[in-house]
Engineer: 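Below: one structure in structure tokens.
Index from 1, following the sequence. Heavy-atom basis, side chains included; hydrogens, waters and symmetry copies ignored. Remember, it's a predicted structure, so these values are computed and weren't measured experimentally.
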Amino acid sequence: MLSAIERRRFLGGFGVAGVAGVLQRPSSGAHAVPTPASDTEAPADTEPEGIVLSAVSSVVSMDPALAVDTETERVCRQVFETLVGIDGDTGATAPLLATDWEASRNGLRYTFTLREGVTFHDGSALTADVVVANFRRWGQMNQLLPDDGPARTTLAFESLFGGFMDEEACLLESAEATDDFTVELTLKERLVFLPEALAMPPFGIASAEVLSDSDPERLAREPMGTGAYRIVNVGEDEVVLEAFTDYWDGIPPAPRVAVRTLPRSFDRLRELQRGEIDVYDYITADNLRSLVQAGRLILQRDPFSVLYLGFNLDHPIMGDRDVREAAARAIDLNALVESYFLEGTRPAYHFTPAALEVQSEEASRYSFNVEEAQALLEDTGYDGEPLPFYYPMNATRSYFPRPEAVFASVARDLTAAGFNIRPQPVSWDGGYVQSLLEDDKRAMHLLGRNGGYRSPHSFFGPLFSQQTPEFNYDSEQVRELINTARSVADEQRRNDIYREVSDLVAEDLPALPLVHPISGVALGRGVTDYPMSPVLHELFKNIIPAE
């Protein structure tokens, strides 16, 4: 267990409250990252040619275990590899650092066979002991979080295994190296989607040389993985990576990649048209025509995210379910989709996208009806008290292309039904998530989630498997169903349980799903192809630069 001083040092090493799962801008200025002594950085005038991608927010931390936002995960994927990969064509699990894995008949033991001859960026070798050291660290991340720290979202390890290793609810009993290249995970209960979940960026394997109990922030300062790219520099406005010459799968086509932070969609469009960036991610509907007219190649991701309106159930007004239903019936989802999202986006009546096939026909659907919303609200006795409504500024996410415009549309609908909305805009990089989580007087907020792997648990688990400060929703029945589903081997029965979860959440209304968005990428002249993925498993080594 770390002392209080060691915990503060750990937090300070990131320059943010990032260890607590909140999204804040890194401290001002660039964060120099040491590079292996065997590779000297090329002088500025002889730097190898590369490609430039747009990002919509700064990297929070280069410790993959703390990655909770898509832009941090995007960069971590390139530097740290996971045991399990994802097939770019089918979306199924595929070998990566593990060439093979198998589960015991009772599903309580998984055995992973590691790829031999893999080298970390610091020159050390991948072995089973290194993998076990990473699992040990992930399992004790709660010991690195201060007891009085800021409110946080759920980290990947606790969402997947139900808690940390020192907690009774944790399903991971042990991680052991049975020989140099074999890792055995023992579970207390079956976890049917374990291989799929281990493909998420927070489970990226780091060199044992930078895993230090006495210096827990060292990994963030010296991010040493096995990926096709290694970090040259992490700055507030740009991350620079270069190809790892000893990469086990060959040197990638692009020798250098820069990820440039451009929160505003107009800025991304302008820089693409100027030839300053090669990949414009998260296209917005208002920029689509300009891209088409310019003849840009546009690629779209299948919808695998959800934008939702969250309610604070501890708020004296929003704690009334009828008030929440009035809000649900006040919002015109079809108009929202048609006005601000790419074609192919659909209104959301469930938290899980259609691809997971667990939508329940029994779940409550709150059709748009202003008169009914007004009547419901009037019956509750609501008397026009101001309702603080948080929304992010200067942010584009896969589920949220134009946050200010979306907020304006939702707030306009709610106002028409009789709600008195008090706007609470906060810059995304200025600590949007932390701000809303820590405001006990918050009534509503806009947020979303991108699915990390192809299981309903990727959505239901982080949102509803435990009470969080985001909704203050506490349903023992929902928790038990989510926990039961993760151990059910029969897919049809498991999906039936998730449909029941969907029914209960729709009835209780801790949050209202709004949209399952389509997101897209436009390519500049420097790139001929980009590896699209609904779960954002998009590896820069698979980008094809133009000749």
Engineer: Is there a donor-acceptor contact under 3.5 Å linking the side chains of D166 and N142?
Structural biologist: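 On atom types as modelled, these side chains qualify, holding a pair under 3.5 Å.
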Engineer: Is it true that the side chains of T226 and E81 contain a donor and an acceptor less than 3.5 Å apart?
Structural biologist: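 Per modelled atom types, T226 and E81 side chains form a pair under 3.5 Å.
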Engineer: Within the supplied structure, the quantity of interest is the number of heavy atoms (other residues, nucleotides, ligands) at a distance under 6.0 Å from E404 CD; does it exceed 12?
Structural biologist: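 Enclosed: over 12 neighbouring heavy atoms sit under 6.0 Å from CD of E404.
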Engineer: Do you know the tightest heavy-atom contact between V279 and L272?
Structural biologist: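 Closest pair (atom of V279, atom of L272, distance): N-CD1, 4.4 Å.
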Engineer: Does NZ or CZ of R454 lie under 6.0 Å from the centre of the six-membered ring of F304, at an angle within 45° of the ring axis?
Structural biologist: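 Yes; both conditions hold, so R454 lies above the ring face of F304.
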Engineer: Give a yes-or-no answer on whether the side chains of R296 and Q273 include a donor-acceptor pair shorter than 3.5 Å.
Structural biologist: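 Short answer, yes.
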Engineer: Counting distance only, does the side-chain N/O of E167 pair as donor-acceptor with the main-chain N or O of F164 below 3.5 Å?
Structural biologist: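 Present.
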Engineer: For D63 and S61, does a side-chain donor sit closer than 3.5 Å to a side-chain acceptor?
Structural biologist: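 There is no such pair between these side chains.
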Engineer: Rounded to the nearest 0.5 Å, what's the gap from CG on L66 to CE on M141? Could you check?
Structural biologist: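 It comes to 4.0 Å.
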Engineer: State, yes or no, whether a side-chain contact exists between Y229 and P252 at a heavy-atom distance under 4.5 Å.
Structural biologist: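 Yes, their side chains come closer than 4.5 Å.
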Engineer: Determine the minimum heavy-atom distance between T119 and F244, stating which atoms define it.
Structural biologist: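 Reported closest heavy-atom pair: O-CE2, 3.4 Å.
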Engineer: Would you say D87's side chain and A92's backbone share a donor-acceptor pair under 3.5 angstrom?
Structural biologist: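 Not confirmed, D87 side chain does not pair with A92 backbone.
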Engineer: Check whether any side-chain heavy atom of L185 lies under 4.5 Å from a side-chain heavy atom of L172, and answer yes or no.
Structural biologist: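 Side chain of L185 against side chain of L172, heavy atoms only: contact under 4.5 Å found.
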Engineer: Answer yes when R218 and D215 have at least one side-chain N-carboxylate O distance shorter than 4.0 Å, and no when they do not.
Structural biologist: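 Result for this pair is no, no salt bridge flagged.
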Engineer: Any non-hydrogen side-chain atom of I298 less than 4.5 Å from a side-chain atom of L291?
Structural biologist: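 Answer yes - side chains close enough.
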Engineer: As a quick check of understanding, evaluate side-chain contact (heavy atoms from CB on, under 4.5 Å) for L436 and V426, giving each step before the final call.
Structural biologist: CA-CA 9 Å; L436 72 88; V426 180; over 6 Å; no
Engineer: Mind listing the closest non-hydrogen atom pair of L191 and Y110 along with its distance?
Structural biologist: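 Closest approach of L191 to Y110, heavy atoms only: O-OH, 3.5 Å.
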Engineer: Minimum heavy-atom separation for F80 and G225, please, with both atom names.
Structural biologist: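 So the minimum-distance heavy-atom pair works out to CD2-CA, 3.7 Å.
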Engineer: Does T186 reach the main-chain N or O of S174 with its side chain, forming a donor-acceptor pair under 3.5 Å?
Structural biologist: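 A pair under 3.5 Å: no.
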Engineer: Verify, without hydrogens or angle tests, whether T113 (side chain) and T182 (backbone) share a donor-acceptor contact under 3.5 angstrom.
Structural biologist: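 Answer holds: no.
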Engineer: Using every non-hydrogen atom in the two residues, find where A55 and V259 come nearest and quote the distance to one decimal.
Structural biologist: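 Looking at all heavy atoms of both residues, the closest pair is CB-CG1, 3.6 Å.
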Engineer: Side chains of L463 and E470, heavy atoms from C-beta outward: is any pair under 4.5 Å?
Structural biologist: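 In contact.
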Engineer: Check whether any side-chain heavy atom of P64 sits under 4.5 Å from a side-chain heavy atom of P202, and report yes or no.
Structural biologist: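 No. Closest side-chain heavy atoms not under 4.5 Å.
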Engineer: To the nearest 0.5 angstrom, please state how far the CZ atom of R397 sits from the CG atom of L447.
Structural biologist: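 With rounding to 0.5 Å, CZ (R397) is 9.5 Å from CG (L447).
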Engineer: Between I231 and V239, does the side-chain contact (heavy atoms from CB on, under 4.5 Å) criterion hold? Intermediate values first, please.
Structural biologist: CA-CA 8 Å; I231 289 290; V239 176; 3.8 Å; yes
Engineer: Begin with the C-alpha distance, continue with both residues' side-chain angles, and end with the deciding distance and a verdict on side-chain contact (heavy atoms from CB on, under 4.5 Å) for R77 and T82.
Structural biologist: CA-CA 8 Å; R77 283 185 195 275; T82 48; over 6 Å; no
Engineer: Ignoring hydrogens and geometry, is there a side-chain-to-backbone donor-acceptor pair from S458 to G452 under 3.5 Å?
Structural biologist: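 Side chain of S458 to backbone of G452, a donor-acceptor pair under 3.5 Å: yes, one is there.
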Engineer: Any non-hydrogen side-chain atom of R301 less than 4.5 Å from a side-chain atom of L536?
Structural biologist: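 The answer is yes; the side chains approach within 4.5 Å.
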Engineer: Going through the distances and angles, do F193 and Y453 end up as a ring-ring contact (aromatic ring centres under 6.0 Å, His included)?
Structural biologist: CA-CA 9 Å; F193 43 77; Y453 51 98; 5.7 Å; yes
Engineer: Please check: side-chain N/O of E71 versus main-chain N/O of V56, any donor-acceptor pairing under 3.5 Å?
Structural biologist: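 Yes, E71 side chain to V56 backbone: donor-acceptor pair under 3.5 Å.
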Engineer: Does D129 have any side chain to side chain donor-acceptor pair (under 3.5 Å) partners at least two apart in sequence or in another chain, and if so, which?
Structural biologist: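 For D129 there are no side chain to side chain donor-acceptor pair (under 3.5 Å) partners, ignoring immediate neighbours.
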Engineer: Using modelled atom types and a 3.5 Å cut-off, is there a donor and acceptor pairing between side-chain atoms of R137 and backbone atoms of P216?
Structural biologist: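 Yes; judged by distance alone, with no hydrogens or angles, the pair exists.
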Engineer: With a 4.5 Å limit on heavy-atom distance, are the side chains of Q466 and E158 in contact?
Structural biologist: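 A side-chain contact exists here, since the closest heavy-atom pair is under 4.5 Å.
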Engineer: Identify the heavy atoms of M62 and V234 that sit nearest to each other, and give their distance.
Structural biologist: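 Reported closest heavy-atom pair: CG-CG2, 3.9 Å.
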Engineer: Can you tell me how far apart CD (E538) and OH (Y530) are? Round to the nearest 0.5 Å.
Structural biologist: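 Those atoms lie 4.0 Å apart.
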Engineer: For R270, look at atom CZ and say whether over 12 heavy atoms of other residues, nucleotides or ligands are found less than 6.0 Å away.
Structural biologist: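 Atom CZ in R270 is crowded, with more than 12 foreign heavy atoms closer than 6.0 Å.
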Engineer: Check for a donor-acceptor pair, side chain of T345 on one end and backbone N or O of F341 on the other, with a separation under 3.5 Å.
Structural biologist: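 Such a contact is absent between T345 side chain and F341 backbone.
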Engineer: Under a 3.5 Å distance rule, please check whether S207 uses its side chain to pair with a backbone N or O of F120 as donor and acceptor.
Structural biologist: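 Flag not set: sc S207 to bb F120 has no pair under 3.5 Å.
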Engineer: Looking only at the side chains, is there a donor atom on one of T72 and D69 sitting less than 3.5 Å from an acceptor on the other?
Structural biologist: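 Side-chain D/A pair, T72 to D69: present.
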Engineer: Decide yes or no on side-chain contact (heavy atoms from CB on, under 4.5 Å) for L198 and F203, but give the supporting numbers first.
Structural biologist: CA-CA 6 Å; L198 289 179; F203 296 108; 4.0 Å; yes
Engineer: What's the spacing between T245 OG1 and H121 NE2 if we round to 0.5 Å?
Structural biologist: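 Answer rounded to 0.5 Å: 9.5 Å.
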Engineer: Under 4.0 Å between a Lys/Arg side-chain N and an Asp/Glu carboxylate O for E238 and R260?
Structural biologist: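 A salt bridge is present here (some side-chain N lies under 4.0 Å from a carboxylate O).
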Engineer: Would you please name every residue forming a side chain to side chain donor-acceptor pair (under 3.5 Å) with D249, sequence neighbours left out?
Structural biologist: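 D249 satisfies side chain to side chain donor-acceptor pair (under 3.5 Å) with no other residue.
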Engineer: Is the backbone N or O of L262 less than 3.5 Å from a side-chain atom of R268, with the two atoms forming a donor-acceptor pair by type?
Structural biologist: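 Present.
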Engineer: Is the shortest side-chain N to carboxylate O distance from E102 to R109 below 4.0 Å?
Structural biologist: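 Here E102 does not pair with R109 in a salt bridge, since their nearest N and O are not under 4.0 Å apart.
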Engineer: May I have all residue pairs that pass ring-ring contact (aromatic ring centres under 6.0 Å, His included) and include part of residues 245-288, sequence neighbours excluded?
Structural biologist: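 Every pair satisfying ring-ring contact (aromatic ring centres under 6.0 Å, His included) with a residue in residues 245-288: there are none.
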Engineer: With rounding to the nearest 0.5 Å, note down the distance linking OG1 in T99 to CZ in F112.
Structural biologist: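 Separation between the atoms: 11.5 Å.
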Engineer: Could you grab the distance from atom CH2 of W138 to atom CG of L155, nearest 0.5 Å is fine?
Structural biologist: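 That separation rounds to 13.0 Å.
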Engineer: Is there side-chain contact between R402 and D286, with heavy atoms separated by less than 4.5 Å?
Structural biologist: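 A side-chain contact exists here, since the closest heavy-atom pair is under 4.5 Å.
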Engineer: We want to know whether S427 and D429 form a side-chain donor-acceptor pair, criterion being a heavy-atom distance below 3.5 angstrom.
Structural biologist: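 No pair is found: no donor N or O on one side chain lies under 3.5 Å from an acceptor on the other.
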Engineer: Looking at R74 and D281, is any side-chain nitrogen of the basic one under 4.0 Å from a carboxylate oxygen of the acidic one?
Structural biologist: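 Yes.
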Engineer: Around atom CD of Q300, are there more than 12 heavy atoms from other residues, nucleotides or ligands closer than 6.0 Å?
Structural biologist: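 More than 12 within 6.0 Å, yes.
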Engineer: Does a side-chain N-to-carboxylate-O contact under 4.0 Å join R115 and D100?
Structural biologist: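 No, this pair does not count.
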